[in-house]
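Report on the following structure.
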Amino acid sequence: FQIWRLITNFLFFGPLGFSFFFNMIFLYRYCRMLEEGSFRGRTADFVFMFLFGGFLMTLFGLFASLFFLGQAFTIMLVYVWSRRNPYIRMNFFGLLNFQAPFLPWVLMGFSLLLGNSIIIDLLGIAVGHIYYFLEDVFPNQPGGKKLLLTPGFLKMVFDTPEEDPNYNPLPEDHPENQPRDRDQNQQQHPQ
């Protein structure tokens, strides 16, 4: 009943070394670019992508006997970002120039050169592709529909409530009726 391992397996990236720092940089960079780009203002959808991807990776990882999924999670984020930004030109260590959708495959090749197993990278690519297909491709097909719906409780927790277009604030709540600073307030209402 060590339930915390369902989360902590995504936090291990191996011993300190080049591969560890490489994963940290990519995790930070592409998580941030997704959050500020295609998930701007949609925090609940962003968290749901994490939960969906984590669930699938854990499920597939059990069958493949993979116990540490941090690198797979990073590759999933890179895959989703790269598919949503297909026209961005990338440069890998000044050696390779390619379009963004090839980035996960280049990273997998680099991981292979470092002597790592590519099974974890393939898992991240597969889960990233499943998410991308269900979220971005299938709903736009004839007869397709959105299958990944963010649960309401996540929206309630993470997203700001929508403004009611019919709301009319009281006159004293209008911004033009608010004092600009304390001195102006004291000039209007001397004690």
Side-chain angles (χ1 to χ4, degrees), residues 6-7 9-11 13 22-64 66 68-92 96-112 116-163:
L6 293 173
I7 296 170
N9 69 22
F10 295 104
L11 304 177
F13 294 92
F22 197 70
N23 274 305
M24 288 293 106
I25 290 169
F26 272 77
L27 179 65
Y28 170 76
R29 177 181 167 98
Y30 291 98
C31 190
R32 180 178 177 184
M33 287 170 42
L34 275 173
E35 185 179 18
E36 293 176 352
S38 59
F39 287 101
R40 179 180 293 278
R42 298 174 39 220
T43 306
D45 294 336
F46 192 52
V47 170
F48 183 66
M49 179 188 69
F50 281 18
L51 295 174
F52 178 79
F55 173 77
L56 284 183
M57 280 186 248
T58 302
L59 189 65
F60 295 154
L62 286 173
F63 292 117
L66 299 173
F68 299 111
L69 302 172
Q71 185 174 343
F73 188 76
T74 301
I75 295 294
M76 179 195 79
L77 294 175
V78 169
Y79 186 89
V80 171
W81 177 86
S82 68
R83 295 300 294 201
R84 288 186 172 179
N85 298 282
Y87 301 111
I88 293 180
R89 298 281 303 157
M90 305 293 295
N91 185 325
F92 192 72
L96 294 172
N97 291 315
F98 52 89
Q99 298 290 108
F102 293 106
L103 179 61
W105 303 102
V106 170
L107 293 177
M108 186 179 73
F110 185 69
S111 183
L112 187 63
N116 298 330
S117 172
I118 61 170
I119 300 297
I120 292 176
D121 292 344
L122 286 173
L123 175 62
I125 290 171
V127 170
H129 183 73
I130 290 169
Y131 177 81
Y132 171 74
F133 180 80
L134 292 176
E135 182 70 16
D136 296 351
V137 176
F138 185 68
N140 296 321
Q141 300 297 316
K145 65 179 183 176
K146 190 168 172 72
L147 297 175
L148 295 180
L149 300 174
T150 304
F153 76 91
L154 285 178
K155 289 185 181 224
M156 185 177 68
V157 170
F158 291 105
D159 288 346
T160 56
E162 294 181 17
E163 296 279 335

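Atoms considered below: every heavy atom in the structure, side chains included; atoms not considered: hydrogens, waters and symmetry mates.
- What you find for Leu69 and Met57 is that their closest heavy atoms are CD1-O, 3.5 Å.
- Classified by interplanar angle (parallel below 30°, tilted 30° to 60°, perpendicular above 60°), the ring pair Phe39/Phe46 is tilted.
- The closest side-chain heavy-atom distance from Met49 to Tyr131 is below 4.5 Å.
- For the residue pair Asn85 and Pro101, the shortest heavy atom distance occurs at O-CD, 4.5 Å.
- With contacts defined as side-chain heavy-atom distances shorter than 4.5 Å, the pair Ile75/Met108 does not qualify.
- A 4.5 Å side-chain heavy-atom check between Tyr30 and Leu103 finds at least one atom pair inside the cut-off.
- Between the side chain of Asp121 and the backbone N or O of Ser117, no donor-acceptor pair lies under 3.5 Å.
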Handout entry: Derivation and outcome, side chain to side chain contact (heavy atoms under 4.5 Å, CB included), residues Met90 and Ser82
Key = CA-CA 10 Å; Met90 305 293 295; Ser82 68; over 6 Å; no
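- Partners of Arg32 under the salt bridge (charged side-chain N to carboxylate O under 4.0 Å, His left out) rule, at least two apart in sequence or in another chain, are Glu36.
- In this view, Phe68 and Phe12 satisfy the ring-ring contact (aromatic ring centres under 6.0 Å, His included) rule, not counting sequence neighbours.
- The neighbour count for Tyr28 OH, taken as heavy atoms of other residues, nucleotides or ligands under 6.0 Å away, does not exceed 12.
- Checking side-chain atoms of Thr58 against main-chain N and O of Gly54 turns up a donor-acceptor pair under 3.5 Å.
- For the pair Trp105 and Ile125, the minimum side-chain heavy-atom distance is below 4.5 Å.
- Annotation: salt bridge (charged side-chain N to carboxylate O under 4.0 Å, His left out) contacts of Arg83 (sequence neighbours excluded): none.
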In residues 145-157, what donor-acceptor pairs under 3.5 Å come from side-chain atoms, sequence neighbours left out?
{"residue": "Lys146", "atom": "NZ", "partner": "Glu135", "partner atom": "OE1", "Å": "3.1"}
{"residue": "Lys146", "atom": "NZ", "partner": "Glu135", "partner atom": "OE2", "Å": "2.5"}
{"residue": "Thr150", "atom": "OG1", "partner": "Asp45", "partner atom": "OD1", "Å": "2.4"}

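- In this structure, Tyr132 has no ring-ring contact (aromatic ring centres under 6.0 Å, His included) partners at least two apart in sequence or on a different chain.
- Partners of Phe22 by ring-ring contact (aromatic ring centres under 6.0 Å, His included), not counting sequence neighbours, listed by chain and number: Phe18, Phe26, Phe110.
- Of the candidates Phe52, Phe60, Phe55, Phe60 is the only one forming a side chain to side chain contact (heavy atoms under 4.5 Å, CB included) with Val127.
- Between Phe73 and Phe50, the ring planes are perpendicular. Angles over 60° get that label, and only those under 30° would be called parallel.
- Here the closest heavy-atom approach between residue Leu56 and residue Ile130 is recorded as CD1-CG2, 3.9 Å.
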